[in-house]
Amino acid sequence: MTPSCTGILLAAGQGTRFGTNKLLHPLPDGTPMAVACARNLQRVLLHSIAVVNDTHSEVACLLAEAGLQVVANPRARDGMGTSIACGVAASPNAAGWIIALADMPGIPASVIQSVADGLARGADIIAPVYGGQRGHPVGFAACHAPALLALQADRGARDIIAAHRDTLELIETEDRGVIHDIDTPASLADI
């Protein structure tokens, strides 16, 4: 367990291409997608926050039952950046954040642990890479709090990562789950 950083699970998206609420969709073992992602974070991090669009939604209730602190983002429709800012605002004393997406159940706990270990040893920004493509989750040191709190649009933290390309640490992985998000029912076949 890594107590110094906080996990932020982004679960406030609209998921319009899936047809139904994809975060509730059961995986082959019957676990709702968002809960599977939450469990992966919890295997590594003592404290994790789920950012949702409504704390009374079924997704929010399931994530609270799974043990995550649930925070509502009233500006969820404005994009992922606002959800990241909500999660960071809800954990002002964190030594860093590991930001994960609730539609990426294929990210193994071992990769999350590698990101957490990197932050613990002083990494500035750290992320896995698969086949030359940067993946998730992404870890940010506490020094990035002001920039993360200022996020507003749907670009997430891409601009922060780009501005710190020289200090970005990439962890090579053979696990394709770090780049595979579930956007459509057909993408479930690749889990």
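Looking at residues two or more places apart in sequence or on another chain, you find a side chain to side chain donor-acceptor pair (under 3.5 Å) between Thr167 and Asp124.
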Item to check | Full working for side chain to side chain contact (heavy atoms under 4.5 Å, CB included) between Gln113 and Arg43 | outcome: CA-CA 9 Å; Gln113 185 67 60; Arg43 286 186 181 103; over 6 Å; no
Next on the checklist: side chain to side chain contact (heavy atoms under 4.5 Å, CB included) for Met80 and Leu101? Distances and angles first, verdict last.
Outcome noted: CA-CA 10 Å; Met80 185 186 302; Leu101 307 178; 4.1 Å; yes
Next on the checklist: Show, in sequence, the C-alpha distance, side-chain angles and deciding distance for Asp181 and Met104, and conclude whether the side chain to side chain contact (heavy atoms under 4.5 Å, CB included) test is met.
Outcome noted: CA-CA 5 Å; Asp181 60 334; Met104 295 186 76; 3.6 Å; yes
Item to check | side chain to side chain contact (heavy atoms under 4.5 Å, CB included) evaluation trace for Ile160 with Leu151 | outcome: CA-CA 9 Å; Ile160 297 171; Leu151 291 173; 3.9 Å; yes
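With rounding to the nearest 0.5 Å, the separation of CG in Leu46 from OG in Ser4 is 9.0 Å. Asp78 contributes atom CG, which lies 8.0 Å from atom CG of Asn73 (distance to the nearest 0.5 angstrom). If you take CG on Leu119 and CZ on Phe140, they are separated by 9.5 Å, rounding to the nearest 0.5 Å. Interatomic distance, Leu63 CG to Glu65 CD, rounded to the nearest 0.5 Å: 9.5 Å. In this structure, Cys61 SG and His56 NE2 are separated by 8.5 Å, a value rounded to the nearest 0.5 Å.
At least one side-chain heavy atom of Asn40 sits less than 4.5 Å from a side-chain heavy atom of Ile112. Side-chain contact between His144 and His164: present, with at least one pair of heavy atoms (C-beta onward) separated by less than 4.5 Å. Ile8 is listed as a side-chain neighbour of Val51, based on a closest heavy-atom distance under 4.5 Å. A heavy-atom distance below 4.5 Å is found between the side chains of Leu62 and Leu24. Side-chain atoms of Leu170 and Arg134, non-hydrogen and from C-beta on, do get closer than 4.5 Å to each other. Looking at Leu68 and His47, their side chains never come closer than 4.5 Å, going by heavy atoms from C-beta outward. At least one side-chain heavy atom of Val138 sits less than 4.5 Å from a side-chain heavy atom of Ile161. Residues Val52 and Val71 form no side-chain contact, since every pair of their non-hydrogen atoms from C-beta on lies 4.5 Å or further apart.
Nearest heavy-atom pair across Cys86 and Ala72 is SG-O, 4.1 Å. Nearest heavy atom pair, residue Ala157 against residue Leu148, reads CB-CD2, 4.3 Å. Contact record, Ala60 with Val70: O-CG2, 3.6 Å, taken as the closest heavy-atom pair. Ile98 and Cys5 make their closest contact through CD1-SG, 3.8 Å (heavy atoms, listed as atom of the first residue, atom of the second, distance). The shortest non-hydrogen separation linking Leu9 to Ala34 is CD2-O, 3.9 Å. When all heavy atoms of Tyr130 and Thr173 are compared, the pair lying nearest together is CD1-O, 3.5 Å.
Looking at Ser57, its side chain never comes within 3.5 Å of a backbone N or O of Asn53 through a donor-acceptor pair. Of the possible donor and acceptor atoms, one in the side chain of Gln42 sits under 3.5 Å from a partner among the backbone N and O of Ala66. Between the side chain of Thr6 and the main chain of Ser48, no donor-acceptor pair closer than 3.5 Å is present.
In this structure, Arg121 places its CZ atom where more than 12 heavy-atom neighbours from other residues, nucleotides or ligands lie under 6.0 Å away.
Shown are Pro137, Cys37, Ser83; of these, the side chain to side chain contact (heavy atoms under 4.5 Å, CB included) with Leu10 is made only by Ser83.
Donor-acceptor pairing under 3.5 Å is recorded for the side chains of Thr31 and Asp29.
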